[in-house]
K.L.:
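Here's a structure for you.
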Amino acid sequence: MKLDSKIPEGHISQKWTDYKDHLKLVAPNNRPKIDIIVVGTGLAGASAAASLGEMGYNVKAFCFQDSPRRAHSIAAQGGINAAKNYQNDGDSIFRLFYDTIKGGDYRAREANVHRLAEVSGNIIDQCVAQGVPFARDYGGLLDNRSFGGTQVQRTFYAAGQTGQQLLLGAYSALSRQIGLGRVKMYNRHEMLDLVKVDGKARGIIARNLVTGELERHSAHAVVIASGGYGNVYFLSTNAMGSNVTAGWKIHKQGALFANPCFVQIHPTCIPVHGTNQAKLTLMSESLRNSGRIWVPKKKEDAEAIRAGKLKPTQLAEEDRDYFLERRYPAFGNLVPRDVASRAAKERCDAGHGIEANDTNEGVYLDFSTEIQNKGKQAAYAQGNHNPSADEVTKLGKAWLEEKYGNLFTMYQKITDENPYETPMKIYPAVHYTMGGVWVDYNLQSTIPGCFVAGEANFSDHGANRLGASALMQGLADGYFVLPYTVSNYLADEIRTGKISTDLPEFAEAENRVKDSIDKFLNNKGSKSVDHFHKRLGLIMWNKVGMGRNEAGLKEAIAQISALKEEFYRDVNVPGKADELNPQLEKALRVADFIDLGQLMAMDALQRNESCGGHFREEYQDAEGETLRDDENFSFVGAWEYKGDDITKEELHKEELKYEFIKIAARNYK
C-alpha cells in the first residue's frame with residue numbers, strides 16, 4: 001500500500017490557501033441531499049457537526065455520554081494556542097509552526113502543522129463571537145499566558161476551565177443546528193463498527209446504550225472524532241469512558257493506525273495514591289507559569305519528608321533542587337511536557353521523590369516565590385511601596401486565586417492539603433496520545449469517505465504535543481478544515497441518492513457486532529473486565545511507558561498475547577445484551593485496548609531511537625536527553641490490520657520531508 005498524503009505543492013505559507021481555493025464544492029441546494037455521520041461530540045466532533053449542519057448537510061451526531069457537554073474536552077484546563085501576538089513579544093504564524101514542529105521532536109507533517117498555525121487566530125475570533133469568556137487584561141483586551149516549549153505568550157484561557165468554556169461554545173453552535181433540524185443528535189449511542197459499500201465508508205452500526213438495541217445508520221461520509229486512547233494504560237488523566245473503539249473498528253476495516261507508540265506523559269498530575277485508584281487527576285500545565293518544581297537535594301531529606309518527619313516548607317532554599325531550572329536554564333519550568341516528565345522520573349528514580357506511598361514518587365510544584373513576587377507588585381500598584389510580609393502574602397495569594405482559584409480548590413478537595421500554604425505534589429501520568437488513525441492532508445483515512453479529526457487522528461503533533469495545542473487542533477479540524485475537505489469528497493456524491501441500510505454490507509456489519517456481544521455474554525469466566533484492564537495497564541506503564549527498552553517491549557508483546565488469550569477465556573460479563581449494561585460496554589472497549597496495546601509495543605520496538613514521548617533507554621546522550629535517528633526514522637509509521645493476530649500487522653512508512661525548517665537537535669538549555 002502506497003501512502004499518498006496529498007500534500008499540495010507550493011510555498012508552505014500558501015499551500016492551504018491555494019489548495020482550498022481549488023477544492024470542489026457542493027452547491028447549497030444539493031447539500032440537503034447528503035448525509036454525514038459524526039462520531040464523537042467533543043471539540044472536534046461538535047465543531048465539525050455544527051459547521052457541516054450550518055452549511056446545510058444532514059448530519060447525524062453520536063456520543064456515548066448523556067450529553068455532548070460531557071465530552072472529555074471539558075476537562076482541558078490551561079488554554080488554547082493562537083498566533084495573535086497580542087503581547088507583542090515576537091510571536092507569528094511561523095513561530096507557532098516552528099515551536100510545534102520542534103516540540104514534536106521533528107516527527108510531525110510539516111504542511112499540516114503550518115495549516116494549524118494559520119487557522120489558529122480564526123479559532124479565537126470564532127470562539128469570542130460565540131461568547132467564550134476568555135480572560136482579559138486590565139484594558140479589556142484578551143489576555144495570554146505562557147505554556148511549555150515556547151518563549152512567547154500565546155495561550156488564551158478562561159481561568160482553569162478553558163476546555164469547558166470552549167466546549168460550551170461549540171455545543172451552543174451544535175444546539176442551534178439541532179434546533180433547526182439539520183443535526184440529529186444520538187446521545188447514549190456507541191459506534192461498534194463501520195459499514196463499507198464498494199470500498200467507501202457508508203455508515204455505522206451503533207448500539208443504543210440504554211436499550212441495547214443495535215441500529216444501522218447510513219451516510220455518504222463518516223467523520224470519526226472520538227478522542228485518544230490513553231486509557232489503554234488503565235490509569236490516565238482521561239475520563240474513564242474514553243476509549244479507542246471507534247478508531248480501532250475503522251482500523252480493522254482498512255484504515256491505517258499511525259505512530260501508536262507516541263504517547264504523552266503529562267508532568268503535572270496528582271500522584272497515584274493506591275492500588276484501588278481508577279483515575280488520575282491533571283493539574284493544568286498553566287500552573288508551571290507560576291510554580292517552581294523541585295525535590296530535596298539530599299536523599300535523607302526526601303526520606304524524612306516521606307516519613308512525615310519533615311515538612312517541605314521547613315526545607316531551606318539552598319537544600320532544594322529546582323532541577324528543571326538547573327538543567328534547562330533557557331526554558332526552566334516551561335520545558336515541553338516530555339522533557340519535564342523524564343526529568344521528574346530521573347529525580348525520583350534517584351531516590352529524591354517525596355510521596356509517602358509504595359512508589360516513593362512525586363515532586364513539588366511550589367507557588368511561594370510567585371506569591372511573594374505578585375504580592376509585592378500588587379502592593380506597589382496600590383501605592384504601598386513598603387508593604388509588610390503579611391500584606392505581601394495576602395495580596396500574592398489573592399492574585400493566584402484570581403488566576404487559578406478553581407484548580408487550587410480542586411487540588412485541596414482531592415488531597416486535603418492547601419496549595420497556597422504547602423507545595424502541590426505532582427508526578428507524570430499518561431495524558432494525551434499523539435498517535436492515531438493515519439489521515440492525509442484532507443483528514444481522510446485510507447478508507448474513502450472516512451475522515452478522522454482531533455485527537456483520534458495522528459496528524460499535527462509528532463512525537464510530543466505542546467501544551468494548549470489539543471484544543472487548537474480539535475477546533476481547527478472541525479471549524480476550518482473538514483468543511484472544505486469533506487465537501488470536496490462529497491461533490492461526487494450528489495447523484496448517489498439515499499443509501500439503504502438494507503444492503504447486505506449493513507447486515508454483515510451488524511452480525512459482526514452481534515457475534516462479539518454474544519461471545520462475551522455467553523463466556524462463563526471468573527474474572528471481571530477491570531481485572532484484565534488493570535493488568536494490561538501495568539504491562540503498558542512498566543514496559544511501554546515513560547522509559548522503554550528492547551527487552552521490556554518484547555516481554556510486553558508476549559505478555560499481552562497471553563493476556564488476550566486469558567481475557568477471552570476467563571472474562572465474566574454479567575447481564576444481557578438488550579439492556580443498560582456498563583460491563584458489556586467495558587468488555588468491548590477493553591478488547592480493543594488489548595489489541596492496541598500490543599501494536600503500541602510493536603511500534604515502539606521498531607523505532608530504534610528516542611524522540612519526544614517515545615524514550616528508548618538505549619538511545620540517549622550522556623545527559624539523558626533523547627537521541628533521534630533522522631536518517632532512519634524520519635517517517636510516520638502506519639500499521640495495516642492483517643487479522644486477529646496483531647503481531648502480523650504490516651508497517652507502512654510515510655517519509656517526513658522538511659523543506660521550510662531546518663532539523664536540529666532539540667535544545668531547551
Side-chain angles (χ1 to χ4, degrees), residues 98-110 113 148-150 258-267 323-324 326-332 334-350 428 430-435 458 461-466 540-557 600-638 651 653-658 661-669:
Y98 175 78
D99 285 346
T100 305
I101 291 282
K102 178 184 175 184
D105 222 350
Y106 302 92
R107 291 294 176 264
R109 190 190 282 156
E110 196 179 56
V113 176
T150 72
N259 296 341
C261 78
F262 286 169
V263 175
Q264 179 164 88
I265 312 294
H266 198 295
F323 55 90
L324 292 180
R326 169 173 55 82
R327 289 181 61 172
Y328 308 102
F331 282 73
L334 289 174
V335 291
R337 291 173 175 178
D338 62 308
V339 177
S341 295
R342 279 193 299 275
K345 181 179 186 293
E346 184 275 328
R347 287 291 77 201
C348 292
D349 289 349
V430 172
H431 177 57
Y432 186 91
T433 50
M434 286 75 65
F458 88 100
H461 305 297
N464 171 64
R465 175 175 69 76
L466 291 184
M540 296 300 296
W541 179 248
N542 291 330
K543 294 174 180 175
V544 200
M546 262 198 286
R548 305 162 178 183
N549 57 62
E550 182 179 2
L553 291 167
K554 288 179 176 176
E555 288 171 8
I557 293 167
M600 290 168 67
M602 290 164 54
D603 190 46
L605 182 62
Q606 65 84 22
R607 192 169 279 278
N608 293 322
E609 65 166 352
S610 289
C611 57
H614 168 65
F615 189 71
R616 282 285 296 270
E617 292 164 356
E618 306 96 323
Y619 305 101
Q620 57 180 303
D621 64 19
E623 295 179 319
E625 305 297 338
T626 56
L627 275 182
R628 292 195 325 265
D629 181 351
D630 294 323
E631 186 175 340
N632 296 304
F633 292 95
S634 186
F635 63 77
V636 176
L651 177 64
K653 298 177 182 179
E654 177 200 340
E655 184 184 355
L656 292 169
K657 297 177 182 176
Y658 293 100
I661 60 168
K662 182 181 177 182
I663 296 182
R666 204 169 50 144
N667 183 2
Y668 293 97
K669 296 180 177 181

K.L.:
To the closest 0.5 Å, what do you measure between OG1 (Thr150) and CZ (Phe331)?
P.N.:
7.0 Å
K.L.:
What are the two closest heavy atoms between Gly462 and Ala108, and how far apart are they?
P.N.:
N-CB, 3.5 Å
K.L.:
Is there a donor-acceptor pair under 3.5 Å between the side chain of Arg607 and the backbone N or O of Phe633?
P.N.:
yes
K.L.:
Looking only at heavy atoms, which two atoms of Ala556 and Val544 are closest? And how far apart?
P.N.:
CB-CG2, 4.0 Å
K.L.:
Against the six-membered ring of Tyr432, is Arg465 placed for a cation-pi contact (under 6.0 Å from the centre, within 45° of the normal)?
P.N.:
yes
K.L.:
Over 60° means perpendicular and under 30° means parallel, so classify the ring planes of Tyr98 and Tyr106, tilted if in between.
P.N.:
perpendicular
K.L.:
Heavy atoms, side chains only, cut-off 4.5 Å: are Met602 and Leu651 in contact?
P.N.:
no
K.L.:
Is any side-chain heavy atom of Arg548 closer than 4.5 Å to a side-chain heavy atom of Tyr619?
P.N.:
no
K.L.:
Determine the minimum heavy-atom distance between Cys261 and Asp603, stating which atoms define it.
P.N.:
N-OD2, 3.0 Å
K.L.:
Looking at Val113, is its backbone amide N or carbonyl O close enough to the side chain of Thr100 to form a donor-acceptor pair, meaning the two atoms are under 3.5 Å apart?
P.N.:
no
K.L.:
If I take atom OG1 from residue Thr626 and atom CZ from residue Arg616, how far apart are they, to the nearest 0.5 angstrom?
P.N.:
14.0 Å
K.L.:
Do NZ/NE/NH1/NH2 and the carboxylate oxygens of Asp338 and Arg666 come within less than 4.0 Å?
P.N.:
yes
K.L.:
Write down the atom of Pro428, the atom of Met546, and the distance for their closest heavy-atom approach.
P.N.:
CB-CE, 3.8 Å
K.L.:
Looking at Tyr668, is Arg327 sitting on its ring face, NZ or CZ under 6.0 Å from the six-membered ring centre and within 45 degrees of the normal?
P.N.:
no
K.L.:
At what distance, to the nearest 0.5 angstrom, does CD of Glu555 lie from NZ of Lys543?
P.N.:
4.0 Å
K.L.:
Are Asn608 and Asn632 close enough that some pair of their side-chain heavy atoms sits under 4.5 Å apart?
P.N.:
no
K.L.:
If you look at every heavy atom in Ala601 and Ile557, which pair is closest and at what distance?
P.N.:
CB-CG1, 3.6 Å
K.L.:
First locate atom OG1 of Thr433, then atom CG of Asn259, and finally report the distance between them rounded to the nearest 0.5 Å.
P.N.:
11.0 Å
K.L.:
Quick check for you: to the nearest 0.5 Å, what is the distance between Asp630 atom CG and Tyr658 atom OH?
P.N.:
8.5 Å
K.L.:
When you compare the side chain of Val263 with that of Met540, does any pair of heavy atoms fall below 4.5 Å?
P.N.:
no
K.L.:
Among Gln264, His614, Lys102, exactly one meets side chain to side chain contact (heavy atoms under 4.5 Å, CB included) together with Asn464. Which residue is that?
P.N.:
Gln264
K.L.:
Check Glu346 with Arg342, please: is the shortest side-chain N to carboxylate O separation under 4.0 Å?
P.N.:
no
K.L.:
What is the distance from atom SG of Cys611 to atom CG of Leu627, rounded to the nearest 0.5 Å?
P.N.:
11.0 Å
K.L.:
List the atom of Ala664, the atom of Arg628, and the distance in Å for their closest heavy-atom pair.
P.N.:
O-NH2, 3.0 Å
K.L.:
Is it true that Asp105 and Arg107 make a salt bridge, defined as a side-chain N closer than 4.0 Å to a carboxylate O?
P.N.:
no
K.L.:
According to salt bridge (Lys or Arg N to Asp or Glu O under 4.0 Å), who are the partners of Glu654, at least two apart in sequence or on a separate chain?
P.N.:
Arg109
K.L.:
Backbone N or O of Glu617 within a donor-acceptor pair of the Asn549 side chain at under 3.5 Å?
P.N.:
no
K.L.:
Atom NZ of residue position Lys669 - does it have more than 12 heavy atoms of other residues, nucleotides or ligands inside 6.0 Å?
P.N.:
yes
K.L.:
Using side-chain heavy atoms (C-beta onward) and a distance below 4.5 Å, is Glu110 in contact with Ile661?
P.N.:
yes
K.L.:
Taking side chain to side chain donor-acceptor pair (under 3.5 Å) as the test, write out the residues that go with Tyr328, two or more places apart.
P.N.:
Glu625
K.L.:
Among residues at least two apart in sequence or on other chains, which ones pass side chain to side chain contact (heavy atoms under 4.5 Å, CB included) with Leu334?
P.N.:
Ser146, Arg288, Asn289
K.L.:
Applying salt bridge (Lys or Arg N to Asp or Glu O under 4.0 Å), name anything that partners Glu631, two or more places apart in sequence or on another chain.
P.N.:
none
K.L.:
Name all residues meeting the salt bridge (Lys or Arg N to Asp or Glu O under 4.0 Å) criterion together with Asp99; count only those two or more places apart in sequence or in a different chain, and write none if there are none.
P.N.:
Arg154
K.L.:
Can you name the salt bridge (Lys or Arg N to Asp or Glu O under 4.0 Å) partners of Lys657, sequence neighbours left out?
P.N.:
none
